[in-house]
Colleague: 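Please see the structure below; I have some questions.
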Amino acid sequence: QEQLVESGGGLVQPGGSLTLSCAASEHTFDSYTMAWFRQAPGKEREFVAAISGTGGNTAFADSVKGRFTISRDNAKITVNLQMNLLKPEDTAVYYCAARRYYIGIEIPRVYDYWGQGTQVTVSS
């Protein structure tokens, strides 16, 4: 059964950095578009970043541009989200997601696979 497992969340001070990782269970995902979403309490799930199957295309939400980067290692079937200059408003549960095509990447409902999420808290 295909699955995604996130790791790397935690508590960090404002201005700090964290790297989230998403490990996929099947090589099915090595050609899939992979994305990160986040959801804060009382808010809708929102797009953070995405990367195409080859890694040649990436996209970021305006709120994280210049601070977050996304990368993938298809040999290890992992996708990483490097988060720098973290702000309190980045606090949320972060989810990894996967779909076959690099289309509609900012829309949660188009993704076929989701991880369980990992908590990121930015606080002093």
Colleague: Is any side-chain heavy atom of Val48 closer than 4.5 Å to one of Leu81?
Modeller: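 Of all side-chain heavy-atom pairs linking Val48 with Leu81, at least one is under 4.5 Å.
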Colleague: Just wondering, more than 12 heavy atoms not from Glu46 lying within 6.0 Å of its CD?
Modeller: yes
Colleague: Hey, what do you get for CZ (Arg72) to CZ (Phe29), rounding to the nearest 0.5 Å?
Modeller: 10.5 Å
Colleague: Return yes if some donor-acceptor pair links the side-chain N/O of Ser21 with the main-chain N/O of Ser7 below 3.5 Å, else return no.
Modeller: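 The answer is no, because no donor-acceptor pair under 3.5 Å joins these two groups.
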Colleague: Does Ser52 reach the side chain of Thr58, with side-chain heavy atoms less than 4.5 Å apart?
Modeller: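 Contact flag for Ser52/Thr58 side chains = no.
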Colleague: For residues Val93 and Thr118, determine if any side-chain heavy atom of one lies less than 4.5 Å from a side-chain heavy atom of the other.
Modeller: no
Colleague: Report yes if the side chains of Trp36 and Glu6 come closer than 4.5 Å at any heavy-atom pair, otherwise no.
Modeller: yes
Colleague: I'd like to check Pro88 versus Pro14 (side-chain heavy atoms, cut-off strictly below 4.5 Å). Are they in contact?
Modeller: yes
Colleague: Which pair of non-hydrogen atoms, one from Met34 and one from Ala98, has the smallest distance, and what is that distance?
Modeller: SD-CB, 3.4 Å
Colleague: Return yes if some donor-acceptor pair links the side-chain N/O of Asn74 with the main-chain N/O of Asp30 below 3.5 Å, else return no.
Modeller: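 Side chain of Asn74 to backbone of Asp30: a pair is present.
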Colleague: So, for Leu4 and Ala24, which heavy atoms are closest and what is the spacing to 0.1 Å?
Modeller: CD2-CB, 3.8 Å
Colleague: Hey, does Ile51 have a side-chain heavy atom less than 4.5 Å from the side chain of Tyr102?
Modeller: no
Colleague: Do the numbers put Arg45 on top of the ring of Tyr95, so that NZ or CZ is under 6.0 Å from the six-membered ring centre and no more than 45° off the axis?
Modeller: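 Judged by the rule (NZ or CZ under 6.0 Å from the ring centre, within 45° of its axis), Arg45 counts as positioned above Tyr95.
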Colleague: List the atom pairs, donor and acceptor, that lie under 3.5 Å between side-chain atoms in residues 104-112 and the rest of the protein, sequence neighbours left out.
Modeller:
unit_1	atom_1	unit_2	atom_2	d
Tyr111	OH	Ile105	O	2.6

Colleague: For Arg67, which residues count as a salt bridge (charged side-chain N to carboxylate O under 4.0 Å, His left out) partner, sequence neighbours excluded?
Modeller: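 In terms of salt bridge (charged side-chain N to carboxylate O under 4.0 Å, His left out), with neighbours along the sequence ignored, Arg67 is linked to Asp90.
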Colleague: Checking side-chain contact (heavy atoms from CB on, under 4.5 Å) for the pair Met83/Leu20: CA distance, chi angles, key distance, verdict?
Modeller: CA-CA 8 Å; Met83 306 185 294; Leu20 304 183; 3.7 Å; yes
Colleague: Does any part of the side chain of Tyr101, heavy atoms only, come nearer than 4.5 Å to the side chain of Tyr32, both counted from C-beta?
Modeller: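 No - every pair of side-chain heavy atoms lies 4.5 Å or more apart.
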Colleague: Let me confirm one number: the CD-OG distance from Glu89 to Ser63, rounded to the nearest 0.5 Å.
Modeller: 9.0 Å
Colleague: Is a donor on one side and an acceptor on the other found under 3.5 Å between the side chain of Arg38 and the backbone of Val120?
Modeller: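 No; zero donor-acceptor contacts below 3.5 Å.
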Colleague: Could you see if Tyr113 belongs to whatever hydrophobic cluster contains Phe37? Use Ile, Leu, Val, Met, Phe, Trp, Tyr and a side-chain cutoff under 4.5 Å.
Modeller: no
Colleague: For the residue pair Phe68 and Tyr94, does the interplanar ring angle fall in the parallel (under 30°), tilted (30 to 60°) or perpendicular (over 60°) class?
Modeller: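 Taking Tyr94 first and then Phe68, their aromatic rings sit tilted (interplane angle of 30° to 60°).
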Colleague: Does Glu44 have more than 12 heavy atoms from other residues, nucleotides or ligands lying within 6.0 Å of its CD?
Modeller: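 Not more than 12 within 6.0 Å, no.
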Colleague: Check whether any side-chain heavy atom of Ile70 sits under 4.5 Å from a side-chain heavy atom of Phe60, and report yes or no.
Modeller: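 Heavy-atom side-chain distance check passes, below 4.5 Å.
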Colleague: Checking side-chain contact (heavy atoms from CB on, under 4.5 Å) for the pair Leu11/Ser123: CA distance, chi angles, key distance, verdict?
Modeller: CA-CA 7 Å; Leu11 173 64; Ser123 175; 4.2 Å; yes
Colleague: Out of curiosity, Thr78 OG1 to Asp73 CG, how far, rounded to the nearest 0.5 Å?
Modeller: 4.5 Å
Colleague: Using distance alone, with no hydrogens and no angle criterion, decide if Asn84 and Gln82 have a side-chain donor and acceptor under 3.5 Å apart.
Modeller: yes
